[in-house]
Amino acid sequence: MMTDIGPGVRVLVAEDNEDHRFFITRALREASGDRLVVESVADGADALDYVHRRGEFSSRARPHLILLDLKMPRVDGLQVLEELKNDADLRSIPVAVLTSSDRREDVQASYERGSNTYIVKPSSYARMRDWLQTVNDFWTEVATLPEPPG
Amino acid sequence: MILDVAAGTPSTTPRQGAIRLLVVEDSIDHQLLMRRTLEQAGMDVRVASDADEAMASLDDIELVLLDYRLPGDTGLELLDRIRSREHPPSVIMVTGAGSTDVAVESMRAGAIDYVRKDRGYLDTLPEVVRRAWRHHDLTQRAQELQRLALLVSSARERDRLFHEIVAGARRLLRARSCALLLERNGELLPVTVHGDDPGDLATLRRLDPARLAAADVPVVDVGAGPLLVPLPREGGVALGVLAIWSDMDGHGPEELQLARTFAAFVGTALRNLTQRELEQELVSELQQTVDARRDFIASVSHELRTPLTCILGFVDTLDNAWDMMERDTRIDLLRRIGRNAGDLKVLVDELIDLAALDRGRSFTVQLDELRLDEVVQQSVDDAAEILRDRAVDVEVVPLVAVADQHLVRRVLHNLLTNAVKFSGGDAPVAIRLRRDDDVAVVEVQDHGIGLAPREAARVFDPFFRAVPSVTNAVRGSGIGLALVKEYVRTMGGRVGVRSEQGEGSTFWFTLPLAD
C-alpha cells in the first residue's frame with residue numbers, strides 16, 4: 001500500500017553543512033516531483049526543537065520521516081537519535097541516518113540507538129541525487145510510513 | 001608515594017630457636033650421651049639407629065650427626081642419600097678416634113664438618129654443631145637470596161616489584177618488618193612496608209640520602225632502631241634504603257653481606273624498572289603520534305572532500321539543468337561554488353604551510369599596521385554561520401598592531417571555531433582584546449569540556465588532537481592550533497592556553513603593538 005501523499009509527506013533533513021543541506025533538500029523535492037514537503041535544520045539542537053515543536057518551530061507539524069546527519073554541532077546526530085527513540089511519542093518516526101562517516105562504530109552506534117537505516121553519503125552529487133531518488137521511491141512507494149504523532 | 005602496609009604473614013621467628021638435629025648412631029650409649037649434651041645446649045634432638053630409620057626421620061631436620069660406622073651402609077653411602085634429598089640437611093660426620101682419612105673423605109663427599117670421637121669430644125660437640133648450623137643457615141640463605149633475586153628481577157611492574165623487595169628482604173633477614181624508602185627530591189619517602197607496623201617509620205624521613213650514599217656499609221642505628229641498608233647510589237645520592245626491623249640483637253657479618261648483596265639486586269631492579277617505564281612512555285607517545293597522524297589524515301581528507309563534492313555537484317547541476325533553473329537559483333549555485341572554492345583554497349594554503357612547518361621551513365608573511373579591534377570584529381562577523389545563535393561576548397579596545405591580516409584572521413577563525421566545537425549547548429563564547437604593556441593580547445574563551453594538563457601541554461603540537469573527532473568536524477575548521485602557533489610566532493607574538501577540565505579553556509595570543 002503506497003503512502004498517500006495527500007496533504008504532503010513531510011521530511012525533516014538535519015544537516016550541518018549548508019551546501020549539503022541545500023542540495024539534499026532540493027534533490028529530494030525534485031525526486032518526489034515536488035510532492036514531498038522538505039524542511040531542514042542545521043544542527044541537533046534545532047532538530048530536537050523542531051520535533052518537540054519548541055521555540056521558533058512551535059507551529060511545525062511532525063515529520064513523517066527524518067534524514068539525520070551524525071556530525072552536527074551543539075547536539076550531534078547520535079544524541080538526537082537517542083532522544084527520539086526513547087520518546088514514546090516520537091519513536092515511531094522513521095529515521096534514516098545520512099552521514100559521510102563510514103566508521104563501523106558510528107554504524108553500530110546508530111543502529112543500536114534504533115535508527116531505521118544508515119546511509120553513507122556518496123562522494124558525488126550525481127550519485128547522491130540518484131540515491132535520494134531511491135530514498136523517495138522506497139519510503140513513498142515501497143514502504144508504508146506511519147502517521148506522525150499528533 | 002603510597003604507603004602500603006602489605007598484609008604481614010606471621011613474622012618468621014628469628015632463628016634463635018632450637019636447632020633441629022638428628023643423631024644417627026647405632027650405639028645406644030653414644031646416642032644417649034650425645035642427646036643429653038646437645039639437649040642441654042638447647043637443641044632439639046632426634047635419634048636414629050640405622051640408615052633406614054635415619055632416612056625416615058629427616059623431615060624438618062637441619063643437621064645430621066652421622067656415625068661413619070653404621071651396620072649395613074657405610075656412613076658415606078648414607079651421606080650421599082641424605083644429600084640427595086631436596087633441601088637437604090647438612091651432615092656432620094662422626095668418625096672414630098684418630099681417623100683423619102675418613103674425615104677428609106667425608107668432607108670431600110659433602111659433609112659440612114667432622115667430629116672425631118676423641119677424648120672430650122662431647123664438650124666441644126655443641127659448639128661444632130652451632131658452627132655447622134651457621135654455615136648451613138647461610139648456605140640456605142644464599143640460595144634463598146638467589147631465588148629472591150630472581151623474583152625481584154622478574155617483577156615487571158612497580159607495585160609488584162616493591163612488594164617482592166620488602167617481602168624478600170624480610171624473609172632473607174628473618175625480620176619482623178621491612179620498609180622500602182626511595183629518594184625523592186632530596187627526601188626519603190616510604191613506598192611500601194611488609195610485616196608488622198614498625199611505628200617509627202616517620203623518623204626515617206629525616207635521613208639524608210646524600211649522607212647515606214657516603215656510607216659504604218649498612219648503618220646500624222643505636223638502640224632498637226632498624227637496620228638500614230642503602231641501595232647502591234646513583235651519582236652521589238642513594239636511590240633509597242631498605243629499613244629492616246628484627247628482634248635480634250644484631251646481625252653477623254655474613255648477614256650484613258647478604259643484605260648488601262640483596263640491596264645490589266634491588267638497586268639494579270629499580271633502575272631497570274625506571275628504564276622500562278621510560279621506554280613504555282616513549283612507545284606510548286610514539287603510538288599517540290602515529291594515531292594522531294592517522295586521525296589527522298582522515299580528518300583532512302574529509303575536510304578536503306566536502307567542498308570538492310559541493311563544487312563538482314553544483315557544477316554538474318548547472319551543466320545539466322541550466323535552462324530549467326531560474327536565474328536566481330543559478331546565481332545562488334554559482335555563489336555556493338565560489339564559497340566552497342574559497343574554503344578549499346584556505347584549506348590547501350594551510351596544508352602547504354603545515355607541510356612547510358613539518359619540514360622546518362617557514363612561510364612568507366606580510367606585516368602591516370592593523371586596527372586589531374576591527375579585525376577581531378570582522379572575524380566574529382565572518383564566523384556568524386559557525387556561531388549561529390550562540391552568544392558571543394566581544395570586548396575590544398582600539399589598538400594598532402603590527403601583523404599580517406590574513407594570518408590574524410585565520411588565527412581568529414581557528415580559535416573561534418574551536419571554541420564553538422568544544423562548547424556544549426548554548427554556552428557563550430567570549431573574545432577579548434586588550435593592551436598589556438607593549439603587546440596586544442587577544443583571548444578567546446569557551447565554557448566547554450576544557451583540557452587536562454597533559455593535553456594542554458600538547459595542544460599546539462602538529463597533528464595533535466585533544467578529542468579525536470572526525471565526527472564533530474565543523475566546515476572550515478582548518479588545520480589546527482599548530483598553525484595558529486606558527487603564525488603567531490612568525491608575527492612576533494606568543495600563544496598559549498589556560499584551561500580547567502570541565503570548566504572551559506581560554507586560548508590567548510599576543511601581537512606586537514605599533515609604536
Side-chain angles (χ1 to χ4, degrees), chain A residues 15-27 29-31 34 41-49 54-57 68-81 97 99-110 120-132, chain B residues 295 298-299 301-321 324-326 329 332-333 335-341 343-344 383-390 417-427 429 448 468-477:
Chain A
E15 164 65 59
D16 73 316
N17 181 297
E18 218 245 287
D19 298 308
H20 285 347
R21 198 164 63 242
F22 172 80
F23 184 84
I24 292 170
T25 309
R26 262 178 71 94
R29 281 192 198 125
E30 284 166 12
D34 271 325
V41 289
D43 62 49
D46 281 352
L48 289 173
D49 284 348
R54 293 194 285 248
E56 66 187 277
F57 305 109
L68 180 64
D69 188 13
L70 288 186
K71 347 163 260 32
M72 295 187 289
R74 296 213 285 164
V75 179
D76 73 24
L78 284 176
Q79 287 173 266
V80 173
L81 190 52
V97 167
T99 174
S100 42
S101 166
D102 57 359
R103 294 195 322 162
R104 166 161 298 181
E105 307 90 84
D106 289 331
V107 177
Q108 289 306 118
S110 301
V120 177
K121 280 180 206 154
S123 51
S124 81
Y125 269 9
R127 181 169 294 191
M128 180 113 80
R129 188 188 292 283
D130 289 342
W131 285 16
L132 288 170
Chain B
D295 282 345
S299 173
S301 38
H302 171 80
E303 292 195 35
L304 281 174
R305 285 214 194 93
T306 305
L308 268 177
T309 308
C310 293
I311 293 169
L312 289 169
F314 290 140
V315 164
D316 187 70
T317 308
L318 282 171
D319 197 10
N320 290 327
M324 294 181 272
M325 284 194 284
E326 293 174 357
T329 313
D332 184 24
L333 286 193
R335 289 223 182 93
R336 286 175 190 273
I337 292 169
R339 192 180 2 91
N340 277 286
D343 286 348
L344 199 50
E385 189 188 299
I386 299 163
L387 293 164
R388 289 214 187 98
D389 302 327
R390 192 181 296 269
T417 310
N418 274 352
V420 167
K421 202 193 306 186
F422 291 109
S423 283
D426 288 330
V429 163
S469 56
V470 178
T471 49
N472 275 318
V474 175
R475 187 188 75 176
S477 56

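Numbers restart at 1 for each chain; the letters A, B, ... are given by sequence-line order, proteins then strands.
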(message) Between B/Leu308 and chain A, with a heavy-atom cut-off of 4.5 Å, which part of the residue counts as in contact: side chain, backbone, both or neither?
(response) neither
(message) Can you tell me which portion of B/Asn320 sits under 4.5 Å from chain A's heavy atoms? Options are side chain, backbone, both or neither.
(response)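 The answer is neither part of B/Asn320.
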Heavy-atom count around [X] [atom1] within 6.0 Å, excluding the residue itself: above 12?
| X | atom1 | answer |
| --- | --- | --- |
| B/Arg305 | CZ | no |
| A/Arg54 | CZ | yes |
| B/Glu326 | CD | no |

(request) Sort out for me which of A/Ala42, A/Ala45, A/Gly77, A/Ala126 touches chain B most, counting heavy-atom pairs under 4.5 Å. (result)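 The answer is A/Ala42.
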If you round to the nearest 0.5 Å, how far is [atom2] of [Y] from [atom1] of [X]?
| X | Y | atom1 | atom2 | answer |
| --- | --- | --- | --- | --- |
| A/Arg127 | B/Thr309 | CZ | OG1 | 12.0 Å |
| A/Glu30 | B/Met324 | CD | CE | 8.0 Å |
| A/Asn17 | B/Thr306 | CG | OG1 | 6.5 Å |

(message) Under the rule for side chain to side chain contact (heavy atoms under 4.5 Å, CB included), what residues qualify as partners of A/Val41, not counting sequence neighbours?
(response)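 A/Val41 satisfies side chain to side chain contact (heavy atoms under 4.5 Å, CB included) with A/Leu12, A/Ala14, A/Asp46, A/Ala47, A/Tyr50, A/Phe57 only.
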(message) Is A/Ala27 in contact with chain B via its backbone, its side chain, both, or neither, using a 4.5 Å heavy-atom distance?
(response) neither
(request) Please look at A/Arg129 and chain B and tell me whether the side chain, the backbone, both or neither of the residue comes under 4.5 angstrom of a heavy atom of that chain. (result) side chain
(message) Please enumerate all residues that pass ring-ring contact (aromatic ring centres under 6.0 Å, His included) together with A/Phe23, with sequence neighbours excluded.
(response)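 With neighbours one apart ignored, the set is A/Tyr125.
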(request) Determine the minimum heavy-atom distance between B/Leu333 and A/Phe22, stating which atoms define it. (result)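 Nearest heavy atoms, B/Leu333 then A/Phe22: CD2-CE2, 3.1 Å.
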